[in-house]
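For reference, the structure is listed below as structure tokens.
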Amino acid sequence: MKRTFTINISGSVFHIEEDAYEVLQKYMLNLKEYFGNSEEGKEILADIEARIAELCTSDPTGKSNIITLPMVNEVIETMGTPESFSEEALEDEPLTGSKKSRKRLYRDPDSRVLSGVCGGLAAYFDIDVVIMRIIFVVITLVTSGVGIFAYLILWIAVPKAKNTAQRLEMRGENVSVKNIEKFIKEEAEDIKESYQKFRKSGAFSKG
């Protein structure tokens with residue numbers, strides 16, 4: 001009988017075996033050392049921890065609620081390690097973990113007019129969001145309002161992509177450490193670029 005510990009991962013409580021705890025703790029310390037203590041680094045680590053909690057919650061066997069060493073090794077293999085994505089490796093390999101993620105349907109909060117339903121469907125079917133909105137308008141006009149009813153059902157039934165992992169799944173990208181880092185850095189660059197454009201605009205000068 002192995003000794004177990006109770007730990008907290010991203011706000012969720014888990015029971016974990018001692019050998020698994022040691023490996024997971026070493027992995028998390030390695031990630032913290034890699035990303036540092038900047039605000040961006042903390043945001044990346046928070047999203048990584050949330051994804052690890054999600055992976056630990058979904059036990060494929062359904063037999064145990066205790067995290068074991070094989071489960072931790074599976075998580076690390078799925079997420080990837082800092083050593084596995086050096087700058088040289090990035091030039092030759094895609095930014096993914098070793099396991100392919102399944103694309104999932106979410107509402108996209110980043111390209112929404114009302115609820116992000118069209119944005120989520122556009123990401124899922126890999127088409128332009130404008131085309132998806134036109135399709136909904138056409139369906140609504142042709143079917144005398146059935147499109148609106150379908151939209152409302154999807155609004156209620158489809159969850160919103162709340163974190164980085166869900167946004168990556170929505171686009172069919174692997175939820176690995178490197179992709180989480182890449183997504184957040186690109187998001188930060190977009191915000192910075194938008195702010196610079198706003199500073200150069202007439203509205204900023206008038207303000």
Side-chain angles (χ1 to χ4, degrees), residues 10-12 39-40 42-55 57-58 78-80 85 90 93-97 99-207:
S10 189
S12 299
E39 287 302 316
E40 188 178 84
K42 290 177 181 177
E43 184 180 354
I44 292 170
L45 283 170
D47 278 319
I48 291 171
E49 286 191 15
R51 179 57 176 170
I52 290 173
E54 183 181 336
L55 292 172
T57 301
S58 55
T78 300
M79 297 297 294
F85 45 74
L90 291 180
E93 299 175 6
L95 295 173
T96 61
K99 300 226 169 180
K100 186 70 178 174
S101 292
R102 181 170 60 89
K103 183 181 281 192
R104 296 184 179 179
L105 179 60
Y106 291 99
R107 288 186 286 114
D108 187 0
D110 298 324
S111 59
R112 66 177 183 179
V113 174
L114 290 176
S115 67
V117 168
C118 290
L121 288 170
Y124 188 81
F125 293 110
D126 197 21
I127 62 175
D128 191 281
V129 65
V130 176
I131 295 175
M132 182 56 68
R133 287 174 183 147
I134 292 172
I135 290 172
F136 259 98
V137 170
V138 171
I139 291 173
T140 300
L141 294 175
V142 171
T143 59
S144 303
V146 174
I148 296 176
F149 183 67
Y151 186 95
L152 292 174
I153 290 175
L154 289 170
W155 189 344
I156 296 168
V158 178
K160 181 172 70 173
K162 296 179 180 178
N163 55 43
T164 303
Q166 291 172 342
R167 285 174 167 87
L168 288 170
E169 286 181 323
M170 181 177 66
R171 291 165 174 78
E173 298 182 32
N174 284 358
V175 187
S176 63
V177 169
K178 193 60 194 177
N179 275 347
I180 290 174
E181 177 192 19
K182 176 176 176 284
F183 185 92
I184 290 177
K185 286 186 175 181
E186 286 179 350
E187 196 173 52
E189 285 299 319
D190 289 341
I191 293 171
K192 191 184 299 182
E193 188 177 316
S194 297
Y195 178 69
Q196 292 297 332
K197 288 180 180 178
F198 173 68
R199 282 181 61 88
K200 295 175 182 178
S201 67
F204 181 83
S205 302
K206 292 177 182 178

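None of these values were measured; they are calculated from a predicted model.
- L168 CG to K182 NZ: the interatomic distance, rounded to the nearest 0.5 Å, is 8.5 Å.
- Contact between I184 and D47 at its shortest, heavy atoms only, is CD1-OD2, 3.1 Å.
- Nearest approach of C118 to Y151, heavy atoms of both residues: SG-CE1, 4.0 Å.
- The side chain to side chain contact (heavy atoms under 4.5 Å, CB included) search around A122 returns I127, V129, M132, not counting sequence neighbours.
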*Kindly determine whether I135 and F125 satisfy side-chain contact (heavy atoms from CB on, under 4.5 Å), including the steps that lead there.*
CA-CA 13 Å; I135 290 172; F125 293 110; over 6 Å; no
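- Checked against side chain to side chain contact (heavy atoms under 4.5 Å, CB included), V146 has the following partners two or more places apart in sequence or in another chain: T143.
- Note that the CG atom of L121 and the CD1 atom of I131 stand 13.5 Å from one another [nearest 0.5 Å].
- No donor-acceptor pair closer than 3.5 Å links the side chain of R104 to the backbone N or O of E169.
- Expressed to the nearest 0.5 Å, how far CD1 of I139 lies from OG of S144 amounts to 13.0 Å.
- For A161, the side chain to side chain contact (heavy atoms under 4.5 Å, CB included) partners at least two apart in sequence or on another chain are Y106, P109, Q166, R167, M170.
- Minimum interatomic distance between L105 and V158 (heavy atoms only, all atoms of both residues): O-CG1, 3.7 Å.
- With values rounded to the nearest 0.5 angstrom, L45 atom CG is found 10.5 Å from E43 atom CD.
- Atom CZ in R51 sits 8.0 Å away from atom OG1 in T78 (nearest 0.5 Å).
- For the atom pair CD1 (I153) and CD1 (I148), the distance works out to 12.5 Å, reported to the nearest 0.5 Å.
- No more than 12 heavy atoms of other residues, nucleotides or ligands sit less than 6.0 Å from atom CG of D126.
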